[in-house]
Amino acid sequence: MSTRPSILVARKIFPDVVARLREHFDVETNEGDAPMSPAQLIERLQGKAGAITTGSERVDAALIAACPQLKVVANIAVGYNNFDLPAITAAGVLASNTPDVLTETTADFGFALLLATARRLTESEHFLRAGQWNRWALDMFAGTEVNGSTLGILGMGRIGQAIARRGAHGFNMKVIYHNRSRLDAATEAECKARYVDKAELLKTADHLILVLPYSASSHHAIGAAELAQMKPTATLVNVARGGIVDDAALASALREKRIAAAGLDVFEGEPSVHPGLLEASNVVLTPHIASATITTRKAMANLAADNVIAYLTQGKMVTPLNPQVADQR
Ligand code: 8YV
């Protein structure tokens, strides 16, 4: 019998990353790539010391209790709201995410979605593809100005700051932000960003982009009351997590033109999308692809692999979420 640790890679990843893992471990993969039910995941994790997960796998107290041999869970994502971190930590299991490697790629996409939303890119493309371009008018698909406008950012971590730089330096935007904690003066100056309270952010932004982590306290951070405070000409972009926006309230606001438009990469209950959003023409919808370039997705998978290899072979970790677990080993 093999004495090498066994690990599970819960979703299909790149073959060269699997090959790296196989240098150290017996590796079970999910070549079909179908998301596993909680029961299937528990079954596949029996006897495994490590798991590489994505946002589609929930690692909670029940899973941890049912998989006593598990030592490390490495998420291929910077967000880790699919992890019950206190339960994982209490069981002495190390957890990791993939920060930094996706910051600029995700900021690029956030900006792409902002531009597409403000300038009605997909709506006008559908019109053209549908063979309706038999007329022209001065105000046809006239959108809202991006250059020189006010960019509001809710959540000012690494990705928020990267978006601020694009807005301030590339598009001459006035950047305002709200965050749990204010940035230091040097970072604010570099991002040309001004700290405001949430009410001022909602009221002043021409374009509001959401880049905050999902938690119980950020659930429905943008709901009917917040949408009512935004300008009727404003656009809203979410590249953070579904659940931060109340999708039903947003669908109503878009239908009634209480805000101009929205760009959404993430949804409550994805991959399902609220029917009111699917029906609305003033919303750009993408399937959770903000970090999706080949280079970045490979870097994310490699970083998750690095974490599992470093921990199971040397007791170290590259980007731990609960380093106290490694310290107690
Ligand atoms: C992931 C993401 O690709 O990093 C995150 O938090 O949302 C995306 O970059 C997705 O969650 C798959 O795990």
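Fair warning: this is a prediction, and the values are worked out from it, not measured in the lab.
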Task: Ring center gap for Tyr195 and His178 short of 6.0 angstrom - done: yes

TODO: Examine distances only and state if a side-chain atom of Thr89 and a backbone atom of Leu85 form a donor-acceptor pair shorter than 3.5 Å.
DONE: yes

- [ ] Enter the distance from Thr144:OG1 to Lys231:NZ here, rounded to the nearest 0.5 Å.
- [x] 10.5 Å

- [ ] Report the distance from atom CD1 of Ile176 to atom CG of Asp197, rounding to the nearest 0.5 Å.
- [x] 9.5 Å

TODO: Classify the side-chain pair Glu268/His220 by whether it contains a donor and acceptor separated by less than 3.5 Å.
DONE: yes

TODO: State, to 0.1 Å, how close Gly110 and Ile209 come at their nearest heavy-atom pair, and which atoms those are.
DONE: O-CD1, 3.7 Å

Open item on the list: Assess whether a salt bridge exists between Glu123 and Arg120, defined as any Lys/Arg side-chain N lying under 4.0 Å from an Asp/Glu carboxylate O.
Closed with: yes

Task: Within 6.0 angstrom of Tyr80 OH, more than 12 heavy atoms from elsewhere - done: no

Open item on the list: Name the residue from Ile42, Ile88, Leu45 that meets the side chain to side chain contact (heavy atoms under 4.5 Å, CB included) definition with Ile64.
Closed with: Ile88

Open item on the list: I'd like to know if the side chain of Lys257 reaches the main chain of Ala253, judged simply by a donor and an acceptor atom lying under 3.5 Å from each other, with no hydrogens or angles considered.
Closed with: no

Open item on the list: Between Asn97 and Ile76 (side chain of the first, backbone of the second, donor and acceptor by atom type, cut-off under 3.5 Å), is there such a pair?
Closed with: no

Open item on the list: Can you confirm whether the side chains of Tyr177 and Glu188 place a donor and an acceptor under 3.5 Å from each other?
Closed with: yes

TODO: Specify the closest pair of heavy atoms between Glu226 and Ala221, including all atoms of both residues, with the distance to one decimal.
DONE: CG-O, 3.2 Å

Open item on the list: Here's a test for you: under side chain to side chain contact (heavy atoms under 4.5 Å, CB included), which of Leu227, Leu154, Val283, Leu254 qualifies with Leu236?
Closed with: Leu227

Task: Donor-acceptor contact below 3.5 Å, side chain Asn30 vs main chain Lys12 - done: no

- [ ] Work out which heavy atom in Ala305 is nearest to a heavy atom in Val17; give both atom names and the distance.
- [x] CB-CG1, 3.7 Å

Task: Any Val318 side-chain heavy atom under 4.5 Å of Tyr311 side chain - done: no

Open item on the list: Strictly distance-based, threshold 3.5 Å: is any side-chain N or O of His169 a donor or acceptor partner for the main-chain N or O of Arg165?
Closed with: no

Task: Minimum heavy-atom distance between His207 and Val146, given as atom pair plus value - done: NE2-CA, 3.9 Å

Open item on the list: Looking at Ala87, is its backbone amide N or carbonyl O close enough to the side chain of Asp84 to form a donor-acceptor pair, meaning the two atoms are under 3.5 Å apart?
Closed with: yes

Open item on the list: Could you go through Leu21 and Ile309, starting from their C-alpha distance and side-chain angles, then the distance that decides it, and tell me whether this counts as side chain to side chain contact (heavy atoms under 4.5 Å, CB included)?
Closed with: CA-CA 7 Å; Leu21 290 163; Ile309 294 167; 4.1 Å; yes

Open item on the list: Using the rule given for side chain to side chain donor-acceptor pair (under 3.5 Å), can you reason through Thr103 versus Asp100, listing the C-alpha separation, both sets of side-chain angles and the distance that settles it, and then say yes or no?
Closed with: CA-CA 5 Å; Thr103 300; Asp100 300 318; 4.5 Å; no

- [ ] Measure the spacing between CG of Leu250 and CG of Asn238 and express it to the nearest 0.5 Å.
- [x] 9.0 Å

Open item on the list: Keeping Thr296 on the side-chain end and Ala292 on the backbone end, is there a donor-acceptor pair under 3.5 Å?
Closed with: no

TODO: Begin from the C-alpha positions of Asp206 and Leu151 and carry the test side chain to side chain contact (heavy atoms under 4.5 Å, CB included) through to its verdict.
DONE: CA-CA 6 Å; Asp206 294 312; Leu151 172 62; over 6 Å; no

- [ ] Kindly say whether Phe141 contributes a backbone atom to a donor-acceptor pair with the side chain of Ser124 at under 3.5 angstrom?
- [x] no

TODO: Hey, could you give me the CG/CD1 distance between Leu210 and Ile153, rounded to the nearest 0.5 Å?
DONE: 10.5 Å

Open item on the list: Distance alone, cut at 3.5 Å: any donor-acceptor contact between the side chains of Ser56 and Thr54?
Closed with: yes

TODO: Please name the pair of heavy atoms, one in Arg241 and one in Gly79, separated by the smallest distance, quoted to 0.1 Å.
DONE: NH2-CA, 3.5 Å

Open item on the list: Side chains of Thr313 and His24: any donor to acceptor distance under 3.5 Å?
Closed with: no

- [ ] For the pair Arg20 and Asp306, find out whether any cationic side-chain nitrogen is under 4.0 Å from an anionic carboxylate oxygen.
- [x] yes

Task: Arg166/Asp108 ion pair, N-O < 4.0 Å - done: yes

Task: Flag, side chain of Asn179 to backbone of Arg182, donor-acceptor distance under 3.5 Å - done: no

Task: Met300 vs Ser291 side-chain heavy atoms within contact, under 4.5 Å - done: yes

Open item on the list: Walk me through whether Thr204 and Val196 qualify under side chain to side chain contact (heavy atoms under 4.5 Å, CB included).
Closed with: CA-CA 10 Å; Thr204 314; Val196 294; over 6 Å; no

- [ ] Taking atom CD1 of Ile294 as the centre, report whether more than 12 heavy atoms of other residues, nucleotides or ligands fall under 6.0 Å from it.
- [x] no

Open item on the list: Strictly distance-based, threshold 3.5 Å: is any side-chain N or O of Asn322 a donor or acceptor partner for the main-chain N or O of Ala95?
Closed with: yes

- [ ] Go through the side-chain N and O atoms of Asn75 and Asn82 and say whether any donor and acceptor fall under 3.5 Å apart.
- [x] yes

Task: Smallest separation among heavy atoms of Leu41 and Ala10, with atom names - done: CD1-CB, 4.3 Å

Task: Pair Arg4 + Glu23: basic N to acidic O under 4.0 Å - done: no

Open item on the list: Do Glu270 and His288 pair up side chain to side chain, a donor and an acceptor below 3.5 Å, judged on atom types alone?
Closed with: yes

Task: side chain to side chain contact (heavy atoms under 4.5 Å, CB included) between Val101 and Val78, intermediate numbers included - done: CA-CA 9 Å; Val101 293; Val78 66; over 6 Å; no

